[in-house]
Protein chains: 2
Amino acid sequence: MEEDTVSEGAHLRGPVLIIGSGLLGASIGLGLRAKDVEVFLSDISPSTQAVAEDIGAGKSVDVARPNFSPELVVVATPPDVAATAVLDALHRYPRAVVIDIASVKTSVREAVEADPGANNRHYIGTHPMAGREKSGPVAARTELFISMPWVICPTPTSNPAAVRTAEALAVDLGAVPVRMPAEEHDEAVALISHLPQVMSSLVASQLQNTPGTALALAGNGLRDVTRIAASDPALWVQILSANAPRLVGILKGVREDLGRLIDTLERPTAPGARLDMAQLMSEGNAGQARIPGKHGAPPQSFAKLTVLVDDVPGQIAALLTEIGQIGVNLEDLRLDHAPGRPVGMAEVSVLPGKHQLLVDELTSRGWKVIQ
Amino acid sequence: MEEDTVSEGAHLRGPVLIIGSGLLGASIGLGLRAKDVEVFLSDISPSTQAVAEDIGAGKSVDVARPNFSPELVVVATPPDVAATAVLDALHRYPRAVVIDIASVKTSVREAVEADPGANNRHYIGTHPMAGREKSGPVAARTELFISMPWVICPTPTSNPAAVRTAEALAVDLGAVPVRMPAEEHDEAVALISHLPQVMSSLVASQLQNTPGTALALAGNGLRDVTRIAASDPALWVQILSANAPRLVGILKGVREDLGRLIDTLERPTAPGARLDMAQLMSEGNAGQARIPGKHGAPPQSFAKLTVLVDDVPGQIAALLTEIGQIGVNLEDLRLDHAPGRPVGMAEVSVLPGKHQLLVDELTSRGWKVIQ
């Protein structure tokens, strides 16, 4: 690969070889095929590869011509084997840019750099911040990466054209490339991804022997906190192992905070006890408020209103049509519907400046706006 | 109050006096007014009471006639002052059933029973398992309790007619009364409500000094785990204090599990380390799977499919109309919509037996069903 001729301009020419055609690999394939980029797939499991081909994510690498020279190789294997697959691709396709998408970056980079024979200037570690609870190519989505951040981790010796190729992939899939050093990335995901995963699993594991009568009282708080406890153990063992040092530091801090709370709760009427509890809750408020809204919107940037609908399918359709007529953009919609009852509550999110207008207009049109 | 003449039959006659017209008190008022039950309101804050009256939750207790004798008094104050308000009501309205709705039951019961002069046979501790992130009467909803559990905690000396009155309130508001001893209730909520609250706040509090570049990578996992960290500190200090002994036991167990994980992560390549991590994750899977679906449905009882819509308001309306035409009931709907892009993903939940039918029918009608 000559230094500056690959990927001039912002888009991929192709062909792209995707190694590992599970949820992420197949979604990348679907996204690239939607842009008319030629995609070849390779997976250690013939059935996984066949499904990915069937859904249109690309063609089997076996049908590529003998002197096949991909512009880009995307290693979308489980994290444990990513470095090996990267080194193999760097060797096999010396003119290609090779990226991986594992959720921990320094461990892959270190393994790649440890191989003295590899041309690691063509390797760029990346991490698309996207996913679904489901796994496998059947769950793949063309739009999985749209407006999601895609972290790109160049090193001082990375080939600049290779970095641009990695960013072109992100852009072609509708994602937002974000450059940061691998160490900064791993510290970030330890906090914003691995910590909540661990805490969710710790809470959920307490419920194994909980009586059904207690679980029947569960509300959305418990459901929200434990939702990601349904994650795949095999994948997460790899992620936690790879990022263990950073995660340990964070977890030790949490353990200290938990210990302080336990001490406080053992003497809840002691002087200062309530202040301690209030401080934890307020710090939780402050931290939570800093999390940006979805798609990069400012935190809590939408205003919500709830509309009662008596007959769900017909009235939701009518409601949305009228919101469009009123001229307000629907930013988000959630429908809460008690089974066995036709009534439902439609929770509509709009820009705060449109909230009162919408409440007034819908009310005057006869809708029951609850709040 | 004669032993058996109150509330024969399943519904309240009224009048009902609600002490505390915040979110829950005002919602109870709205629900009862919708059933034509006469409601009087009393709140320590004149403006809170005025707003509750304005939204139709009831009339000021000041306009009640001099010999006013409510059938039922609902104490809907913050937990700290619930017992005092219960004792006051038992004294002031000796013919009434008095209930409270605080989220910790044994502490209120013990305070009531500690007063030798109180006729605590007319007092029934209850707890409606419903709420909203918002507070105050402005956020009150008539339908807040529909299909939600409402825990009723009779004691061996409770007047049976009083228990029936408490249950009649729940039924009149569309809730599902569930009898259990106060101790069992407090143990249950320590696990399914107070534990997740504490863990959510612990995670969120770690984010106070996180760089914006790291927070920008946050996904739905972090958002879900930290959603309830936005809870009101003043209320939760009261709840945690009241249920401290039970919560301490649970938190000590979590601290042990966290310590074991930290030890494992400090030597992630040691023999058995990966098995330890996998075990925590699997136990989290198992616990999470035991949580029932919303409205008492079995866990994960709906099948989901995602449909791409190009033009959100019009196409959502059309989609829902067609789903109705196909004859499938819409159980739940979530719309994910990237701002600045007209495209959105509508995630539709249906009964598993209808899933394939809907996928096939929508696809044949030209909809882009992603998964």
Side-chain angles (χ1 to χ4, degrees), chain A residues 129 139 141 147 149 188 192 196 199-205 207-208 214 217-218 221-222 224-230 233 236-237 240-241 244 248 251 254-255 257-258 262 265 268 274 277-278 280-284 286-288 291 295 313 316-317 320-321 324 330 333-335 338 370-371, chain B residues 129 139 141 147 149 188 192 196 199-205 207-208 214 217-218 221-222 224-230 233 236-237 240-241 244 248 251 254-255 257-258 262 265 268 274 277-278 281-284 286-288 291 295 313 316-317 320-321 324 330 333-335 338-339 370-371:
Chain A
M129 305 303 297
R141 284 168 50 168
S147 78
I192 61 102
M199 297 290 269
S200 183
S201 297
L202 282 169
V203 172
S205 64
L207 307 176
Q208 291 178 90
L217 305 184
L222 180 67
D224 283 348
V225 169
T226 58
R227 184 163 295 112
I228 55 175
W236 275 90
V237 165
L240 298 179
S241 302
V248 162
L251 292 179
V254 172
R255 179 171 58 179
D257 290 350
L258 178 57
I262 288 172
L265 290 175
R274 291 212 157 193
M277 290 182 236
L280 168 62
M281 300 292 307
S282 298
E283 291 180 1
Q288 194 269 350
I291 301 170
H295 308 293
I316 294 275
L320 295 178
T321 302
L330 181 73
L333 169 70
R334 288 195 73 167
L335 176 66
I370 299 166
Q371 184 47 243
Chain B
M129 306 301 300
R141 284 167 48 169
S147 80
I192 61 102
M199 298 291 271
S200 182
S201 297
L202 282 169
V203 172
S205 64
L207 307 176
Q208 291 178 90
L217 305 184
L222 181 67
D224 284 348
V225 168
T226 58
R227 182 162 297 111
I228 56 176
W236 275 91
V237 166
L240 298 180
S241 301
V248 163
L251 292 180
V254 173
R255 180 171 56 178
D257 289 352
L258 179 56
I262 288 171
L265 290 175
R274 291 211 157 194
M277 288 182 237
M281 300 292 308
S282 298
E283 290 179 3
Q288 193 270 350
I291 301 169
H295 308 293
I316 294 277
L320 296 177
T321 303
L330 181 72
L333 170 70
R334 289 194 74 165
L335 175 66
I370 300 167
Q371 183 48 238

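Quick caveat: nothing in here was measured; it's all calculated off a predicted structure. Just so it is clear: chains get the letters A, B, ... in the order the sequence lines come, proteins before strands, and each one is counted from 1.
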Hey, which of A/L280, A/V254, A/L251, A/L217 has the most heavy atom pairs under 4.5 Å with chain B?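 Winner by heavy-atom pair count: A/L217.
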Any idea which of A/A286, A/A278, A/A188, A/A244 has the most non-hydrogen atom pairs under 4.5 angstrom with chain B?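 Result: the option with the highest number of such pairs is A/A244.
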To the nearest 0.5 Å, tell me how far A/L240 CG sits from B/R274 CZ. 9.5 Å
Say you draw a straight line from CG of A/L202 to CD of B/E283; how long is it, rounded to the nearest 0.5 Å?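 One gets 10.0 Å once the value is rounded to the nearest 0.5 Å.
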Less than 4.5 Å to any heavy atom of chain B: does that hold for the side chain of A/I228, its backbone, both, or neither?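 Only the side chain of A/I228 comes within 4.5 Å of chain B.
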With a 4.5 angstrom heavy-atom cut-off, could you sort out which part of A/M199 is near chain B: side chain, backbone, both or neither?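 Both backbone and side chain of A/M199 come within 4.5 Å of chain B.
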Give the minimum heavy-atom separation between [X] and [Y], together with the two atoms involved.
{"X": "A/A204", "Y": "B/Q288", "result": "CB-N, 3.9 Å"}
{"X": "A/A317", "Y": "B/T321", "result": "CB-OG1, 3.6 Å"}
{"X": "A/D257", "Y": "B/S205", "result": "OD2-OG, 4.3 Å"}
{"X": "B/V225", "Y": "A/S200", "result": "CG2-CB, 4.2 Å"}
{"X": "B/V248", "Y": "A/I262", "result": "CG2-O, 4.1 Å"}
{"X": "B/I291", "Y": "A/A218", "result": "CG2-CB, 4.1 Å"}

Engaged part of B/P149 at the chain A interface, taking heavy atoms whose separation is under 4.5 Å: side chain
Option in B/P268, B/S241, B/A214, B/S282 with maximal non-hydrogen atom pairs under 4.5 Å from chain A: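 Highest number of pairs under 4.5 Å: B/S241.
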